[in-house]
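Okay, so here's the structure we're looking at.
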2 protein chains.
Amino acid sequence: MLRWGDMGTQWGVNRSVAQIQALLFLSERPLTAEDIAAKLGIARSNVSNSLKELLAWKLIQRVPVLGDRRDHYEAEADLWQMATKVAQGRKAREIDPMVAAIAAAMENIDDPQISAKVRQRLVAMHDFVSTVDRWYQQMLDVPPAQIMTLIRMGSRVVSLLRFVTGKGRDKADPD
Amino acid sequence: MLRWGDMGTQWGVNRSVAQIQALLFLSERPLTAEDIAAKLGIARSNVSNSLKELLAWKLIQRVPVLGDRRDHYEAEADLWQMATKVAQGRKAREIDPMVAAIAAAMENIDDPQISAKVRQRLVAMHDFVSTVDRWYQQMLDVPPAQIMTLIRMGSRVVSLLRFVTGKGRDKADPD
DNA sequence: CCCTAATTTCTCTTTTTACTGAAATGTCTG
DNA sequence: CAGACATTTCAGTAAAAAGAGAAATTAGGG
């Protein structure tokens with residue numbers, strides 16, 4: 001069952017982190033760090049660090065258990081909540097630095113050494129990432145239930161859109 | 001300028017691959033493997049492997065140059081094309097295995113050892129992942145220009161949707 | 001076919017990242 | 001405020017990934 005965690009490797013999180021998340025998600029009750037270390041057979045300190053990371057992503061939370069001094073942890077149960085957290089993290093780790101990097105590259109755009117072709121590519125890239133960045137942020141701000149509606153509609157939103165705007169353009173629109 | 005490539009580390013691609021892509025994207029003309037190795041100061045073999053990876057992602061392509069026996073390479077210039085390629089790769093590397101892993105976990109869903117709570121979580125996760133997977137695929141199949149329209153609209157699609165369906169539901173719709 | 005140039009494969013080294021176990025720090029209880 | 005238990009930090013080790021350079025393979029041109 002916990003081979004679930006192996007999958008996390010693909011996701012830019014290390015095995016321990018993924019395994020712990022999976023364990024907590026499929027656990028009856030909140031677990032202590034010690035429980036986790038025992039169940040997964042990994043070092044206590046490793047658990048500590050992985051928990052910290054999961055807490056930072058807000059994919060798990062500490063819960064107090066009456067009559068027990070130790071910290072107990074449980075997974076975020078709401079899948080939309082989870083997805084949003086992951087998406088936010090990814091934006092921060094992947095998209096934001098990209099936008100910054102390209103913005104930086106744009107600073108010397110007027111350098112005469114840069115050919116027209118390259119300049120044009122840089123500008124296009126910049127526009128592109130900025131647009132995507134804005135979109136991504138907007139989507140993160142839309143309540144899950146509405147996103148769900150959008151997703152359920154799938155590509156039908158496209159036809160709907162065409163219907164509403166009254167056109168069936170196939171080329172990017174010339175703003 | 002080529003610190004652009006450093007950014008690729010975040011993206012699950014190694015430095016060399018990212019740098020080569022950036023170099024080609026910002027290059028006046030197609031380059032040979034040797035050119036690339038020289039410009040970036042990395043081993044010829046490394047270039048070879050990185051080019052193979054970029055070719056696999058279809059982010060670059062071989063182009064023949066008259067009177068030169070060597071392979072020349074140029075970057076995919078269409079940003080939408082690029083984004084689609086990356087998105088496809090990600091789906092294959094991240095989403096598909098996840099769907100498979102959860103589907104596998106679902107096989108022993110009837111095991112009486114599994115509590116109701118856990119069972120319910122598994123099912124919810126499975127539904128969720130399947131839905132997202134389907135949606136992602138559908139979006140990949142929509143022509144870039146139309147996606148662009150969607151993205152440009154941003155969260156306004158949500159209001160539009162609410163307007164069209166005639167309701168302002170805040171809860172997930174009960175299919 | 002053979003010779004040469006180009007590319008790829010393979011093995012070994014370097015670098016990076018993950019993990020462990022011990023030591024240090026923190027925290028609750030009497 | 002001491003003593004026990006819990007957690008975190010840290011330094012060293014182990015594992016994984018990236019890269020270099022030599023050797024092997026492939027593909028033109030005579």
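Lettering follows sequence order; numbering is per chain, from 1.
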Determine the contact category for B/Thr32: base if any of its heavy atoms lies under 4.0 Å from a base atom, sugar-phosphate if only primed atoms, P, OP1 or OP2 are that close, otherwise nothing. nothing

note: B/Leu55, atom CG; C/dT7, atom C1'; distance rounded to Å ~ 13 Å

| query | Does B/Arg121 make a cation-pi contact with A/Phe25 (under 6.0 Å, within 45 degrees of the axis)? | reply | yes

- Query: Between A/Arg90 and B/Glu94, is the closest basic N to carboxylate O distance under 4.0 Å?
  - Reply: yes

| request: Give a yes/no answer on whether the side chain of A/Arg44 brings an N or O atom under 4.0 Å of OP1 or OP2 in D/dT7. | output: yes

For this session: Would you state whether a donor and an acceptor, one from the side chain of A/Ser45 and one from the base of C/dG21, lie under 3.5 Å apart?
Result: yes

From CG of A/Leu51 across to C1' of D/dT8 the rounded distance in Å is 12 Å

| said: I'd like to know if B/Arg119 and B/Asp110 make a salt bridge, using a cut-off of under 4.0 Å between side-chain N and carboxylate O. | reply: no

Atom CZ of A/Arg15 and atom C1' of D/dA14 are separated, to the nearest Å, by 12 Å

Here the distance between atom C1' of C/dT29 and atom CG of A/Asp68, to the nearest Å, is 14 Å

In whole angstroms, the gap separating P of D/dA16 from CG of B/Asn14 amounts to 18 Å

- Message: Distance alone, cut at 3.5 Å: any donor-acceptor contact between the side chains of A/Asp133 and A/Ser130?
- Response: no

Testing D/dT9, C/dT7, C/dT9 for proximity to the side chain of A/Asn49, the answer is D/dT9

Note to self: So A/Asn46, base contact, sugar-phosphate only, or nothing? Heavy-atom distance under 4.0 Å.
What the structure shows: base

To the nearest angstrom, the CD1-C1' distance between A/Ile20 and D/dT7 comes to 14 Å

Closest of C/dT8, D/dT8, C/dC19 to the B/Ser48 side chain is C/dT8

Any donor-acceptor N/O pair under 3.5 Å between D/dA6 base and A/Arg69 side chain = no

Next item on the list: Using a cut-off of strictly less than 4.0 Å, decide whether B/Ser16 has a side-chain nitrogen or oxygen near OP1 or OP2 of D/dA18.
Entry: no

In whole angstroms, the gap separating C1' of D/dA14 from CD1 of A/Ile42 amounts to 15 Å

Original post:
Is the backbone of A/Val17 close enough, under 3.5 Å, to the side chain of A/Asn14 for a donor and an acceptor to pair up by distance?
Top reply: yes

* Asked: What is the nucleic acid contact for A/Asp71, judged by heavy atoms within less than 4.0 Å: base, sugar-phosphate only, or nothing?
  -> sugar-phosphate

Point to revise | Presence of B/Lys52 side-chain N/O under 4.0 Å of C/dT7 phosphate oxygens OP1/OP2 | key: no

note: A/Leu31, atom CG; D/dT7, atom P; distance rounded to Å ~ 13 Å

